[in-house]
Amino acid sequence: MNDCFTMPHQCNCGVTHNDAELGVQYNLYQKIDVENIECLNEFEEATGATVFKPWENRLDRNKYVESDMDNELLFNIPFTGNIKLKGLIIIGGEDDLHPNKVKLYKNRPHMTFDDVATEPEQEFELCVDTMGVHEYSLKVVKFSSVHHLSLYFTGTERTDKIKLYYIGLKGEWTPSHHHGVTICTYELRPQMSDHPKGHNEDINRTVS
């Protein structure tokens with residue numbers, strides 16, 4: 001096994017992290033509806049979805065997303081079920097291409113840049129983490145039933161663009177429950193065929 005998966009690493013937050021178990025935990029990329037991911041302001045179309053990779057491919061620098069016009073990226077991420085989201089890992093670009101902040105929004109599909117001024121569920125100042133081992137712990141009480149997640153990344157004022165190589169998500173997945181519609185037909189008046197044969201004969205004798 002490659003040593004990078006088992007050895008402790010340090011990011012610029014000053015903390016040494018041991019990533020031995022992270023590979024097992026960061027597997028929610030499998031529960032993303034990848035075909036319906038939206039990434040706004042990506043320089044190259046459809047590159048936003050490529051940063052949701054298997055843990056063992058997180059250091060692959062061949063697949064990434066870079067912003068187009070300025071230093072912001074907005075992801076709309078639908079899941080295939082309900083998520084209890086617990087952790088986030090970010091590998092950003094080198095030097096000034098690294099995002100400075102991320103805001104997280106729960107269950108707000110198809111967000112645009114006009115919507116990001118609203119209060120997020122949580123936000124983080126991002127540290128430079130080239131190995132992808134620094135976890136940002138989420139407030140589980142706010143992310144206990146997530147079927148859609150929006151991530152809004154921004155750079156510092158001195159940056160013109162930002163780049164992302166990897167977005168890792170940790171949590172628990174449960175399937176969505178779809179309740180069928182029950183159709184009931186009610187009769188407005190009773191039919192003779194609904195009554196027992198003997199009862200029908202009594203009715204006929206009474207009428208005659």
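These numbers come from the heavy atoms of this one structure, side chains and all, not from hydrogens, waters or symmetry mates. For reference, positions follow the sequence shown, starting with 1.
Looking at heavy atoms from C-beta onward, I83 lies out of side-chain contact with K106 at the 4.5 angstrom threshold. Residues S137 and F124 form no side-chain contact, since every pair of their non-hydrogen atoms from C-beta on lies 4.5 Å or further apart. Using a 4.5 Å cut-off on side-chain heavy atoms (C-beta onward), T118 and R108 make contact. Inter-residue side-chain proximity for E172 and K86 is flagged as met; some heavy-atom pair is nearer than 4.5 Å. Within the 4.5 Å cutoff, no side-chain heavy atoms of I91 are placed close to those of L164. Residues K63 and V51 are not in side-chain contact: their nearest non-hydrogen atoms beyond the backbone lie 4.5 Å or more apart. Residues F75 and V65 meet the side-chain proximity criterion, which asks for heavy atoms closer than 4.5 Å. No side-chain heavy atom of D115 sits less than 4.5 Å from a side-chain heavy atom of Y105.
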Decide yes or no on side-chain contact (heavy atoms from CB on, under 4.5 Å) for N100 and E125, but give the supporting numbers first.
-> CA-CA 6 Å; N100 180 56; E125 298 284 342; 3.6 Å; yes

Step by step, would you call F43 with Y64 a side-chain contact (heavy atoms from CB on, under 4.5 Å)?
-> CA-CA 10 Å; F43 177 73; Y64 61 87; over 6 Å; no

Step-by-step side-chain contact (heavy atoms from CB on, under 4.5 Å) determination, F52 to I77 = CA-CA 10 Å; F52 299 94; I77 310 161; 3.6 Å; yes

For E123 and K101, run salt bridge (charged side-chain N to carboxylate O under 4.0 Å, His left out): C-alpha distance rounded to whole Å, both residues' side-chain angles, the deciding distance at 0.1 Å, then the answer.
-> CA-CA 7 Å; E123 62 181 288; K101 181 183 293 185; 3.8 Å; yes

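Counted within 6.0 Å of CD on E45, heavy atoms from surrounding residues, nucleotides or ligands total 12 or fewer; the atom is thus considered open. E35 CD: 12 or fewer foreign heavy atoms inside a 6.0 Å radius. Atom CG of N107 has more than 12 heavy atoms from other residues, nucleotides or ligands within 6.0 Å.
In this structure, CZ on R58 lies 9.5 Å from CZ on R61, to the nearest 0.5 angstrom. How far CZ of F79 is from NE2 of H147: 10.5 Å, rounded to the nearest 0.5 Å. Put simply, OG on S144 and NZ on K139 are 14.0 Å apart, with the number rounded to the nearest 0.5 Å. To the nearest 0.5 Å, the span separating OG on S67 from CG on N41 amounts to 5.5 Å.
In this structure, E42 contributes its side chain and G48 its backbone to a donor-acceptor pair below 3.5 Å.
N57 and D60 share no donor-acceptor pair across their side chains, judged by distance under 3.5 Å alone. For the residue pair N76 / S150, a side-chain donor-acceptor distance below 3.5 Å is found, with atom types taken as modelled. Under 3.5 Å, the side chains of Y165 and E94 contain a donor-acceptor pair of N or O atoms.
The only option from L126, L104, V102, I89 that meets the side-chain contact (heavy atoms from CB on, under 4.5 Å) definition with Y136 turns out to be L126. When each of N71, T154, D70 is paired with T159, the side-chain hydrogen bond (donor to acceptor under 3.5 Å, both in side chains) condition holds for N71 and for no other.
The aromatic rings of H148 and H110 sit tilted, their planes meeting at an angle between 30° and 60°.
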